[in-house]
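None of the values given here were measured: they were computed from a predicted structure. Per chain, numbering begins at 1; letters A, B, ... match sequence-line order. Because only heavy atoms are used, hydrogens play no part in the values below, and waters and symmetry mates are left out as well, while side chains stay in.
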2 protein chains.
Amino acid sequence: MMYSIVETLKKNQLSITDSRKKILELFVRSKGALAHADIEHESGTEFDRVTIYRTLQTFVEKGIIHTIPTADNSVRYALCKDACAGGHHHDDHVHFMCDDCGTTYCLDNISVPKLSLPDGFTISQTDVVVSGKCRKCRS
Amino acid sequence: MMYSIVETLKKNQLSITDSRKKILELFVRSKGALAHADIEHESGTEFDRVTIYRTLQTFVEKGIIHTIPTADNSVRYALCKDACAGGHHHDDHVHFMCDDCGTTYCLDNISVPKLSLPDGFTISQTDVVVSGKCRKCRS
DNA sequence: TATGCCAATGCAACAATGTTGCAAAATATT
DNA sequence: AATATTTTGCAACATTGTTGCATTGGCATA
């Protein structure tokens, strides 16, 4: 069962504001991951750039969205699975980034393999980013 | 067998310049990965910022260094294994980034697991970034 | 080793991205 | 409805990355 945008914000003890509603809605509607620039572009001049930065920061802290590591220079964010069901979770899924169109997908079905590191290293998180061509861009 | 800095540059058909020698030397001496800012800091005011950007770009194109994906906002570069032996190679190893000190290690011994993606996706590259505490920072 | 070509550098100017402090406005609380 | 708290927008600034162009320096050739 899905919670609404507003309920998600409430669950995370965040004030209900226009920017938060709109930005969270963008994530819900978007299939892929979003970069700051995408959001700024989609929401037009409605919100200040700073507001978007701070909103993203807040969402990350609350576990509503998570960052995706990329080899190019862009930070991308994606909804945490079950974020709208109120649960935090570890980001144990694989990300796919299309070389052509740049779209980033969360491949929720593929779990990150367990790795054994050298002695002395402890693991807090494992990110897997696969690059290649997505369904739409292979010709 | 290791080639010298100069020989590595020659092998890649690059002119031998002060900046290239110095920057490549930094990578050889460094255990971990370097960000642009690290290099700018280490080399002082000796080289222009633009020169460092262009040198890194060139090294990446020649396969001497590779970028490491990160979830924070920094692009990091590391020597390609065997770069000084003249061989290109696929980046099929795991990267580790310490949450505390930020040092990034190439774990050359751990190979990236093969993944099977959904139909329609083709893989060109797989990056694995593990976060946690490194040997030095675990207390 | 001197000459000339081509590649690389430095500079300047600019664009994009991210951060901070603070007053004003919106939201939540009573 | 009044007050307290949070969030926003603005301004100013810092960092990061890019581009064009004149100058410098490396390298091949004679």
Please lay out, stage by stage, how A/I65 and A/L56 fare under the test side chain to side chain contact (heavy atoms under 4.5 Å, CB included).
CA-CA 8 Å; A/I65 60 177; A/L56 290 173; 3.8 Å; yes
Taking only distance into account, with no hydrogens and no angle test, what donor-acceptor pairs under 3.5 Å do side-chain atoms of residues 32-41 of chain B form with protein atoms, sequence neighbours excluded?
unit_1, atom_1, unit_2, atom_2, d
B/H36, NE2, B/E40, OE1, 3.1
B/D38, OD2, B/A35, N, 2.8

Could you list the residues that satisfy side chain to side chain donor-acceptor pair (under 3.5 Å) with A/E46, not counting sequence neighbours?
A/K22
Calculate, to the nearest 0.5 Å, the distance between atoms CD1 and OG1 belonging to A/I23 and A/T17 respectively.
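Nearest 0.5 Å value for the CD1-OG1 distance: 8.0 Å.
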Would you mind reading off the bend of the helix from C/dT1-D/dA30 to C/dT30-D/dA1 from its two end axes, five pairs each, to 10 degrees?
40°
Roughly, in whole Å, what's the span from NE2 in A/H41 to C1' in C/dA15?
16 Å
Which heavy atom of [X] sits nearest to which heavy atom of [Y], and what is that distance?
X      : Y      : result
A/S74  : A/R76  : OG-NE, 3.3 Å
A/R135 : B/F121 : NH2-CE1, 3.4 Å
A/T55  : A/S19  : OG1-OG, 4.1 Å

Outer limits of DNA chain D sitting under 4.0 Å from a non-hydrogen atom of chain B, read 5' to 3', are D/dT16 to D/dC27
For nucleotides 6-11 of chain C, tabulate all protein N/O to nucleotide N/O atom pairs closer than 3.5 Å, reporting atom names and distance.
unit_1, atom_1, unit_2, atom_2, d
C/dA8, OP1, B/R20, NH1, 3.0
C/dA8, OP1, B/R20, NH2, 3.0
C/dA8, O5', B/R20, NH2, 3.3
C/dT9, OP1, B/T17, OG1, 3.0
C/dT9, OP1, B/S19, OG, 2.3
C/dG10, OP2, B/D48, N, 3.3
C/dG10, OP2, B/T51, OG1, 2.6
C/dG10, N7, B/R54, NH2, 3.3
C/dG10, O6, B/R54, NH2, 2.6

Got a list of protein N/O to nucleotides 2-5 of chain C N/O distances below 3.5 Å?
none

Establish, yes or no, whether a centroid distance under 6.0 Å links the rings of A/F59 and A/F27.
no
